[in-house]
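The chains referred to below are lettered A, B, ... by the order of the sequence lines, with proteins before strands, and numbering in each begins at 1. Note that these values count all heavy atoms, side chains included, but never hydrogens, waters or copies made by symmetry. It should be emphasised that the depicted structure is a prediction, and the values quoted were computed from it without experimental measurement.
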Amino acid sequence: MSSEMIDLLLKSFWETCYMVGASTLLATLIGLPLGVILTVTRRDHILPNQPLNTVLGAVVNATRSTPFIILMVAIIPLTRFIVGSSIGTTAAIVPLTISAAPFIARIIESSLLEISPGVIEAAEAMGASPMQIITKVLIPEARHSIVLGVTLAIISLIGYSAMAGTLGGGGLGDLAIRYGYQRFQMDVMVATVVVLIFMVQAMQSLGDWLSKKLNKNKL
Amino acid sequence: MIDLVNVAKTYYSKAGDIKALQPTDLHIRSGEIFGIIGLSGAGKSTLVRCINMLERPSSGQVFVDGQELTKMSEKELRKVRRSIGMIFQHFNLLASRTVYDNIAFPLEIQGLSKSEIAKKVQPLLELVQLEDRADYYPSQLSGGQKQRVGIARALASDPKVLLCDEATSALDPQTTKSILDLLQNINKKLGLTIVLITHQMEVVKAICDRVAVIENGVIVEQGSMVEVFTQPQHPTTKEFTKSVINAELPEIIKKMALSDTYEEGSKLIVRLTFLGDSAGEPIVSGMVKRFDVEVSIIYGNIDQLKDTPFGILIVEVAGEKNNIAAALDYLHARELKTEVIGYEL
Ligand SMILES: Nc1ncnc2c1ncn2[C@@H]1O[C@H](COP(=O)(O)OP(=O)(O)OP(=O)(O)O)[C@@H](O)[C@H]1O
Ligand SMILES: [Mg+2]
């Protein structure tokens, strides 16, 4: 592989990191409150609100059941409105965020539901407000399982970012398609796949390590 | 300190309504340890959760320390709950916080500063003897230690009342004893009113001043612990106390052929129940010295109801008819309960 190709590979790697990093951040910013609301508005939880829970749940499910490639095309007007263009690495962040946010919301919801009702009740008995229960009980108690969930989201975002790349998003997916597929450069194809595998492995190891460090249930 | 007036709780569900608590009146005095005992599903947890309004009663009024909780908004309730500590069967500690931070939790909620918190947590760690475990996480502690953390956490906001829902049910007998000692200790030291829910009669026997027996959402009997134990009225209470106080006649006596009246040469079988100071009296030697009778002990059991000694003695009195009658009169004149079981031929 020429040094030119290596530069290109490196550039694409950083583009992928940028897309995945930015969309993970934004998706978590949206998904965390969404997941918390989905949890606490349940019938037997601290702020029951059935209508809100049903509506939010439906929106989340609808977004999650739309295949990413279709979602990406469908929201092109929205992307153009936010970023000013529907092509490029930054533009890809919009559909990536929108597809990952509901996923993260559900993952956070299931993490929060693992917390025993007894612990929540104990906090209520001490006079904690719903907001204090969320910030001081639910999220800290679930943090290790939230970390694992976000890791999962990052890994699927790495995959989706490759897909977004094929629609002019840049990044490793774009590279693989343009050189590996369209120009039959097998070595580029292999190199991209290796880098992707490495990224996924690294994220999984990092997530596992952090989650284990935060988990005080088994010491 | 705590007054429940006509408090009832019904759970409504599609499968049918459950009347967990029938209209109930309960008065708990300041500084006492009040036990509530009942079988599983009797409504104990429902009752205790109505006291701090974790469960809003369907009807009735709840007063704690003169304030009516049933009238309050959620916000006002949160404030009052700081003066009502609670501990649980499964401890309900925060797994992601150390022992120290668990005890600090209620203080953090109240917005105290780090130094104010440190000033309160340190003596609590000493009180529950966990100074050397301050930086441990709950998963590194034994059940008894976890409950100590639970107690320290409940005491952090200087409550006037401590509610205990099956606080010792998950612990072995020895650890149970140490937790009960700790509860009794803080009851004396801090003048804390303690409400103790349990299905273990031994717990009530060890530390309660008064007790209520609950069944199917109804309080079927209540009174001073010693009274309820020594003179149970309701069948459920009798069943409960039976396991602790051996009120049943021993097998050997049940097998005896007994008659109600004295016949030539028969021996009197009598059960003596001692309570409090009378437990120390030399009854047996008193009888033998005064009357020409022979006394032998068939069965004996000495126990302790909180601070009150309590004993049962079944004796056989042999001798002349007159002497036996005189000995019986002597027993009746003493400060103890004397029951004639019969005359054995
Ligand atoms: N949230 C609820 N919804 C419906 N029914 C309930 C609820 N909580 C309790 N019950 C019912 O109320 C009754 C009393 O329950 P409660 O928990 O007070 O019993 P308990 O005496 O504490 O029993 P245990 O010793 O098993 O803890 C039971 O029949 C129970 O099924
Ligand atoms: Mg219970």
*Asks:* Counting heavy atoms not belonging to B/Y11, are there more than 12 under 6.0 Å from its OH?
*Replies:*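 It does: B/Y11 OH has more than 12 such atoms within range.
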*Asks:* Could you check whether atom NZ of B/K120 has more than 12 heavy atoms from other residues, nucleotides or ligands sitting under 6.0 Å from it?
*Replies:*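 More than 12 heavy atoms, drawn from other residues, nucleotides or ligands, come within 6.0 Å of this atom.
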*Asks:* Pick from B/K79, B/H90, B/R81, B/R82: which one has the most heavy-atom pairs with chain A under 4.5 Å?
*Replies:* B/R81
*Asks:* Identify the two heavy atoms, one from A/P130 and one from B/R78, that lie closest to each other, and give their separation to 0.1 Å.
*Replies:* CD-NH1, 3.6 Å
*Asks:* Please name all residues satisfying ring pair (Phe, Tyr, Trp, His ring centres under 6.0 Å) with A/F13, sequence neighbours left out, ordered by chain then number.
*Replies:*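 Partners of A/F13 under the ring pair (Phe, Tyr, Trp, His ring centres under 6.0 Å) test: none.
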*Asks:* With chain A as the partner chain, list the residues of residues 94-115 of chain B whose heavy atoms fall under 4.5 Å from it, by residue number, and write 'none' if nothing qualifies.
*Replies:* B/L94, B/A95, B/S96, B/R97, B/F105, B/P106, B/E108, B/I109
*Asks:* Tell me, out of A/A122, A/P117, A/S116, who's got the most heavy-atom pairs with chain B below 4.5 Å.
*Replies:*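 Heavy-atom pair counts peak at A/A122.
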*Asks:* Are there residues of residues 131-152 of chain A whose heavy atoms fall under 4.5 Å of chain B's heavy atoms? If so, which?
*Replies:*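 When heavy atoms of chain B are the reference, residues 131-152 of chain A contributes A/Q132, A/K136, A/V137, A/P140, A/E141, A/R143 within the under-4.5 Å range.
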*Asks:* If I measure from the heavy atoms of chain A, does B/L93 come under 4.5 Å with its side chain, its backbone, both, or neither?
*Replies:* backbone
*Asks:* Quick one: which of B/L77, B/L54, B/N52 has the most heavy-atom pairs under 4.5 Å with chain A, could you say?
*Replies:*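 Heavy-atom pairs under 4.5 Å are most numerous for B/L54.
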*Asks:* Do any of residues 56-71 of chain B have a heavy atom less than 4.5 Å from a heavy atom of chain A, and if so, which, in residue order?
*Replies:* none
*Asks:* Is the shortest heavy-atom distance from the side chain of A/M126 to the side chain of B/S157 under 4.5 Å?
*Replies:*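 No; the side chains remain at least 4.5 Å from each other.
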